[in-house]
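This report refers to the structure that appears directly beneath it.
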Amino acid sequence: YDRKYLQELDDYDLSTVFDAINAIQGTPFKINERVLEVFQHYWENNLECADLPQREDLELPEKPEDIATNDEARKVWRRAAAAVNDTNAKSRSERIMLSKVLWIAKKFKESPLWFTSQLDWRGRQYPVSLALHTQGPSLCKGLLLFNEGKRIENKTAEAWLGIAVANAWGHDKLSFEDRVSWVNDNGEMLLDIADNPFDNTEWNSADSPWEALAGCFELQGYTQDPENFASCLPIHQDATQSGLQILSLLLREPDGAKATNCIASDEPQDLYQTVADNVIRQLEDLSKAHNEFAKFWLDFGITRKTVKRPVMPRSYNSSHHSCFEYTRDWYQTQSKKNGKELPLGNTWTPCLFLSRIIWRAMEETLTGAMRAMDWFKEVADICCEHDIPIRWTTPVGFPVKQRYTKWNSEVVKTRIGDKIRRHNLRVSTDKLDRRKMINALSPNFVHSLDSAAMCATVNTAKTHGVSSFAMVHDSFATVAADSSTLSGAVRASYAEMFSMDLLRDFRDEVQAYLPAGVELPELPEYGDLDPACVINSDYFFN
C-alpha cells in the first residue's frame with residue numbers, strides 16, 4: 001500500500017535477508033506417501049480420525065413446541081442453535097482447506113516440490129502457497145518430508161529423531177533424556193502403529209497426531225536399516241513463547257528469561273503451566289466463596305492447554321476479546337472429548353468469566369513483558385501526536401515502516417438498469433490510525449526481530465553444512481543428522497543479536513524522525529541478564 005516505501009527498499013543492502021530466504025525456498029520437499037495413504041483413507045471414507053472435521057454439518061437442535069410464545073425457551077434454543085451454527089461454519093472452512101491439501105498432495109506425490117517465499121513488511125517469511133505448506137497445521141507437516149535425507153550416523157542424531165517423536169506426542173516438557181527414554185520404552189507401540197496405522201489408532205491421541213504418525217514411519221525405517229536409512233523427517237526445534245523470550249532478552253529481564261528457557265535448567269520450564277496454576281488458584285478461592293462458575297471449571301478441568309492460546313499472543317498485545325474467543329474455542333473442543341457441558345444454555349457468560357480469570361493470571365505472571373509493551377505504547381503515542389510513521393531497521397538490515405492509516409466510508413451511486421444502487425466503499429486517508437499504531441508497535445517490533453533471528457540462524461547453519469530448512473517464525477527444522485548444528489546456530493545467532501542494545505538502537509532511530517525538541521520516553525528499566533546465556537540453555541529452542 002506504500003509505493004514510496006517499496007521504492008526505498010532498492011537503496012538498502014538486503015543480501016543477508018535474501019541469502020537466508022533463498023536457502024529456505026531452495027529446499028526441495030516430497031510428499032510422505034504413507035501419511036497421505038492414511039489421510040486419504042480416513043477422509044474419503046468419512047471416518048473419525050485425529051483432528052479431521054466432520055464431513056457433514058451438525059443438525060440444529062429441535063425447536064420447542066412453544067417457541068412462539070415462550071420467551072425463555074426461545075432464548076435458550078437460539079443460543080444452542082448459534083453454537084451449532086458457529087461449529088458448522090468453522091467445520092465447512094476446514095473441510096474446504098483439507099480438500100485442497102489432499103488434491104495438492106496427490107498431485108505431487110511422485111515429484112519433488114518447492115515452496116516460494118514472500119516477506120511481509122516486518123521481514124517475516126511466509127510460503128506463497130495456499131493449503132499445503134511448511135507452516136501449516138499438523139496434517140500439512142506430517143505430509144511433508146525433505147526430498148534430500150541424510151543418514152543418522154551418531155547417537156546425537158538418533159536422539160534428535162527420538163526427541164521429535166516424543167514432542168509430537170506431547171512430551172516436549174520432559175528433559176531430552178526422558179523424551180528419548182519415552183520413545184525407547186514405547187518402541188513396540190510406535191512400531192506397531194507404523195505396521196498398521198488403521199487398526200492401531202493410538203496415534204490419534206497424540207498432541208500432533210499426523211506428525212506423530214510420520215514419526216512412527218520414520219522410526220520404523222531407521223529401525224529396519226540403521227546403517228543405510230536416510231532420514232528425511234523435518235525435526236522441529238520450537239521456541240518457548242518466542243515473543244516473551246525476545247522481550248525478556250531486550251530488557252535483560254531474568255525472571256521472564258527463566259520462565260521461557262533462555263536460562264539453562266535441568267528440565268524445560270513450562271510458562272503455560274505456570275499461568276494455568278495461577279488460574280486454578282483463583283478458581284479455588286472463588287469456589288470457596290460458592291461461585292458456581294468456578295466450581296464448574298474446576299470440575300471441567302483446567303490444564304496448560306486452557307491457557308496456551310491466550311498466552312501465546314499476549315506478548316503481541318492481544319486483546320481481552322481474543323482471550324475470550326480462544327477460551328470459548330478451547331471449551332467447545334474439550335467438551336466434545338470429555339462429554340461435560342456448561343450448566344447454562346449458552347457458552348458466553350461462563351467462558352467470559354473464565355477468560356477474565358486467565359487475563360488476570362497472565363498480567364500477574366508476565367510483568368516484564370507488560371512493562372516493555374507499555375513503553376512501546378508511549379513511543380507510538382508520541383509519533384502519532386506528530387503524525388510520524390514509525391521506522392526502524394532490523395539487525396539483518398531489513399527496513400521496517402509501520403504506517404497504519406484511517407479509512408473513510410464513501411457512498412457511490414450506481415445505475416443498474418432502471419435502478420439506482422448505493423454502495424459503501426472503504427477509502428484510505430493520509431491520517432494515521434492512532435489506535436492501531438499504538439497497539440501494533442510492540443508485536444510488530446518483536447516480529448521483526450524473530451524474522452531477523454531466523455535469517456541469521458539460516459545463514460549461520462548454512463555455512464556449517466546444513467542445506468534443508470523448514471522454517472516457521474519460532475520453530476526451525478532440518479534433518480536429524482543436522483539438528484545439532486542447527487541448534488548451535490540458533491543459540492549463536494540469538495546471543496550475537498541480543499548482545500547489542502536493540503531497544504536503544506530502536507529508540508535512537510525513531511527519535512531521528514521526530515521534530516526537534518520532541519523527546520521519546522526513557523528506556524524501561526533493564527535487568528542484569530547476559531543474553532549470551534542462551535548458548536548454554538538446552539531448552540531455549542527444543
Side-chain angles (χ1 to χ4, degrees), residues 20 23-24 26-35 112 114 134 141-169 171-172 174-191 193-195 208 211-238 268 457-471 475-493 535-542:
I24 294 171
T27 300
F29 290 83
K30 62 183 177 182
I31 299 299
N32 190 328
E33 294 189 38
R34 297 187 67 184
V35 173
W114 290 258
T134 54
K141 291 175 181 174
L143 282 169
L144 293 172
L145 296 170
F146 290 119
N147 192 55
E148 300 167 0
K150 287 188 179 181
R151 289 191 300 114
I152 296 176
E153 298 179 333
N154 53 56
K155 289 294 182 181
T156 301
E158 183 182 279
W160 275 110
L161 176 57
I163 289 167
V165 173
N167 287 351
W169 283 82
H171 301 299
D172 53 327
L174 300 176
S175 67
F176 285 144
E177 293 78 9
D178 288 343
R179 287 180 233 184
V180 174
S181 296
W182 182 88
V183 172
N184 292 333
D185 294 343
N186 291 274
E188 185 176 343
M189 179 265 290
L190 297 171
L191 294 177
I193 290 174
D195 284 334
S208 302
E211 291 171 86
L213 180 61
C216 291
F217 290 145
E218 198 78 0
L219 275 178
Q220 184 187 53
Y222 174 64
T223 303
Q224 291 174 345
D225 188 8
E227 298 297 326
N228 300 304
F229 179 73
S231 178
C232 300
L233 185 73
I235 307 296
H236 283 270
Q237 303 176 42
D238 297 350
T457 297
V458 170
N459 288 336
T460 301
K462 189 174 60 170
T463 61
H464 289 85
V466 180
S467 57
S468 294
F469 298 96
M471 311 297 280
S475 177
F476 306 157
T478 189
V479 294
D482 290 334
S483 289
S484 183
T485 303
L486 181 63
S487 175
V490 172
R491 286 153 180 77
S493 299
I535 292 178
N536 299 316
S537 175
D538 291 337
Y539 302 108
F540 177 54
F541 271 63
N542 75 96

> Run the side chain to side chain contact (heavy atoms under 4.5 Å, CB included) check on Ile31 and Leu144 step by step: do they pass?
Replying inline: CA-CA 5 Å; Ile31 299 299; Leu144 293 172; 4.1 Å; yes

> Between Trp169 and Leu190, is a side chain to side chain contact (heavy atoms under 4.5 Å, CB included) present by the stated rule, with each step listed?
Replying inline: CA-CA 11 Å; Trp169 283 82; Leu190 297 171; 3.7 Å; yes

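Interatomic distance, OG1 of Thr134 versus CG of Leu143, reported as 13.0 Å (0.5 Å rounding). Residue Tyr539 holds its OH atom at 11.5 Å from CG of Asp172, rounded to the nearest 0.5 Å. We find the OG1-CG distance between Thr460 and Leu486 to be 10.0 Å, quoted to the nearest 0.5 Å. In this structure, CD1 on Ile163 lies 8.0 Å from CG on Asn542, to the nearest 0.5 angstrom. Taking CD of Glu158 as the reference point, atom OH of Tyr222 lies at 3.5 Å (rounded to 0.5 Å). Taking CG from Asp538 and CZ from Arg491, the interatomic distance works out to 6.5 Å, rounded to the nearest 0.5 Å.
Under the 3.5 Å distance criterion, with hydrogens and angles disregarded, no donor-acceptor pair is assigned to the side chains of Glu148 and Ser468. A donor and an acceptor atom, one from each side chain of Thr485 and Asp482, are nowhere located under 3.5 Å apart.
Contact check for Asp178 versus Trp182: no side-chain heavy atoms found under the 4.5 Å cut-off. For the pair Ile235 and Thr478, the minimum side-chain heavy-atom distance is 4.5 Å or more. With a 4.5 Å cut-off on side-chain heavy atoms, Phe29 and Trp114 do not count as touching. The shortest side-chain heavy-atom distance between His236 and Ser208 does not fall under the 4.5 Å cut-off. Here the side chains of Ser487 and Gln237 are in contact, with some heavy-atom distance below 4.5 Å.
Of all the heavy atoms in Val479 and Cys232, the pair that sits closest is CG1-CA, 4.4 Å. Closest approach of Ala168 and Glu211 over heavy atoms only: CB-C, 3.9 Å. Closest approach of Trp160 and Phe176 over heavy atoms only: CH2-CZ, 4.5 Å. When all heavy atoms are compared, the tightest approach of Val35 to Gly142 is CG2-O, 3.5 Å. Residues Val458 and Ala20 approach most closely at CG1-O, 3.8 Å, considering heavy atoms. Across all their heavy atoms, Ala481 and Ala157 have their closest contact at CA-CB, 3.8 Å.
A donor-acceptor pair under 3.5 Å is formed between the side chain of Thr27 and the backbone N or O of Phe469. Remark: the backbone N or O of Ala214 is not paired with any side-chain donor or acceptor of Arg34 at under 3.5 angstrom.
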